[in-house]
Amino acid sequence: MKTTRTKRIVLTFVLLTALLFILLFMNLMIGSVGIKVSDIAGAIFGGDVGTKESLIIRTIRMPRLLAAAVLGGALALSGFLLQTYFNNPIAGPFVLGISSGAKMCVAMVMIFSLLHGMVLSSFLMIVAAFFGAMLSMGFIILLSKNMENGATLIICGVMIGYICSAITDIMVTFANDADIVNLHNWSRGSFSGISWGNVRVMVPVVMVTFCLTFLQSKPMSAFLQGISFAKSVGVDVKRFSVIIIVLSGILSASVTAFAGPVSFLGVAAPHLVKRMLGTTKPIYMIPASFLGGASFCLLCDLLARTVFAPTEVSISTVTAVIGAPVVIWVMLRRMKEKTTL
Amino acid sequence: MYSSKELLKTESLSAGYEGRAVLYDVSFSLCRGEIMVVVGPNGAGKSTLLKTISGLLPPIGGDVELATCAGDPELATRAGDPDLTEADSGVGKTFIGTSIFSMDPMERARHMSLLLTDKRMAELMTCRDVVEMGRYPYTGRLGILSQKDEEVVDEVMERLSIKKLSDMFFDKISDGQRQRVLLARALCQKPRILILDEPASYLDIRYQLELLDILRQLADDGLSVIMSMHELSLVKRIADRLLCVKDGHARMVEDTEGFYENGGMGELFDIPDDKLDYLK
């Protein structure tokens, strides 16, 4: 029986990797300008040939799809960490208001720098987003201390999200400047306009965070079996909690800094992956969530670009349409299981 | 120096939460292969005491010491063993008491395991996954089980006859089976001391009796057990010694039989005279 389980896990990883490559490829080819396979090969391996196609691939599509993959993975992983920490299957950076907190702080810093004619570096954006994420997270943790009920936690998170979004809207409305148009797009969530410069910052940040998260898979597996149990086998629960919160904060901050808030992906992707794997073991769930989130996000971005082309919808619109039903499904399942237990 | 039988000893221990003690001046020692049952009314501090002696709660005062052997860590696992010869425990190999609060928590988890009625458990966990987690203090950085770890898991599951549950999901089995799986997880830590908080609650009488049988067998093999329990008929059946907890103090009772005979339980739980017949 153990072998069938191993087979399933291996198969899931093969499937997720294949899916990722297919979606990467589709994202390169499909768009307002259709691109042939030969052009792709030429643009990637043949150096700068100066054609319109190679320009589109090199400066627009490649950074965009890399960002969608890396940030999608980051978001899913961040969701998995939050679900583990709060012991709540529908916790995630968006539902808990963490994305909105990050958005608020980034908007503040952006507007400030626009008014003073400064150029905002990618790194500074992450720092601002991280600060905002921690702000929301701090509130949520304070509130969660006094509540046993998981649903109340989520409602508080959604409310915090609304408050932060409202503040952001007010700021965007009053900072009336031509450059704010960009800000407006970003504040609704979008991968358009991502540059190679952004990618060069986000990839190392997300990859290092991913590795640090993977190293936490052992204490996390004990934590999943109960906090007192984890303590009794030697997990320093306080230290572990701080690590998990900071890591998930960095991950969701990176997403928000570059793509704005992306809804529900952090809940939907880890859940779908968990069903595929048939296990909750963090040592599998951490890499699989990342892979799954990357594919999910690439698919959503592809849809965002193409469904109403040439008009682009925000990434959050698409992830909501696909992700929200998954969240509802998870809740229904959980309610059903509660009654049978 | 430690007497040959003592494994765990508390020294005027005060236990409680956030600096406020609910139990004062608790002194007792646990011997190899004995089953000690902590009894007392609700809220007397039984769980607090168990959490403190397992190192989960810092003590308010006093200390909890475990018999270890500086010269020979292997020998420490045999503390209290009647077969231990003079030659085994030679010069420089004397047992000493080490405070469990100064030990590395992972090291401590190899000496004692704690079984709480913890409701939290992730979904999609098979029973084997749960049992394997008991090897936590022995595995490396990523928690991957070695051949030896797998063997220990096999052996423990065999012993508790839960091999057939291996691939079933933990949240899909009965309460009695679940308790066995959790016990198996605790035994995978290869402890010398097993601490259980209310292990018989939620079990029907058949599983309760089975649990007592298993615990007795384990104790016969040298494991020391300390647990809290409410079911007085079970307590009478299993306890070698009693630790009675009431009004902030703990009292050791050596003669369990006599305690029951002389109405000790009635007094401990403040049972009115006209209802004492229940305890007979």
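A note on names: the letters A, B, ... follow the listed sequences, proteins ahead of strands, and every chain is numbered from 1.
Crowding of B/K164 atom NZ: a count of heavy atoms from other residues, nucleotides or ligands under 6.0 Å exceeding 12. Within a 6.0 Å radius of CZ in A/F139, no more than 12 heavy atoms belonging to other residues, nucleotides or ligands are found.
Between atom CD of residue A/Q225 and atom OH of residue B/Y136 there is a gap of 11.5 Å, rounded to the nearest 0.5 Å. Atom CG of B/D129 sits about 5.5 Å away from atom OG1 of A/T279, to the nearest 0.5 Å. The line from CD of B/E132 to NZ of A/K281 is 5.0 Å long, rounded to the nearest 0.5 Å. A distance of 7.0 Å separates NZ of A/K231 from CG of B/L57, quoted to the nearest 0.5 Å. Rounding to the nearest 0.5 Å gives a distance of 5.5 Å between OG of A/S232 and CD of B/Q189.
Contacts of B/F169 with chain A are made by side-chain atoms alone, with heavy-atom separations under 4.5 Å and no backbone atom involved. Neither the backbone nor the side chain of B/S166 comes within contact range of chain A, judged by heavy atoms closer than 4.5 Å. For A/P89, no part lies under 4.5 angstrom from a heavy atom of chain B. Only the side chain of A/S217 comes within contact range of chain B, with heavy atoms under 4.5 Å apart.
Using a 4.5 Å heavy-atom cutoff, the side chains of B/L182 and A/F229 are not in contact. For the pair B/I144/A/K218, no side-chain contact is recorded, criterion being any heavy-atom separation below 4.5 Å from C-beta on. A heavy-atom distance below 4.5 Å is not found between the side chains of B/M106 and A/V233.
Highest contact tally toward chain A, considering only B/T126, B/L56, B/L115, is held by B/L56 [criterion: heavy-atom pairs under 4.5 Å].
Scanning all heavy atoms of the two residues, the minimum distance from A/G234 to B/P105 falls at CA-CB, 3.5 Å. When all heavy atoms of B/R141 and A/L215 are compared, the pair lying nearest together is NH1-O, 3.3 Å. Closest approach of B/L124 and A/R5 over heavy atoms only: O-NH2, 3.8 Å.
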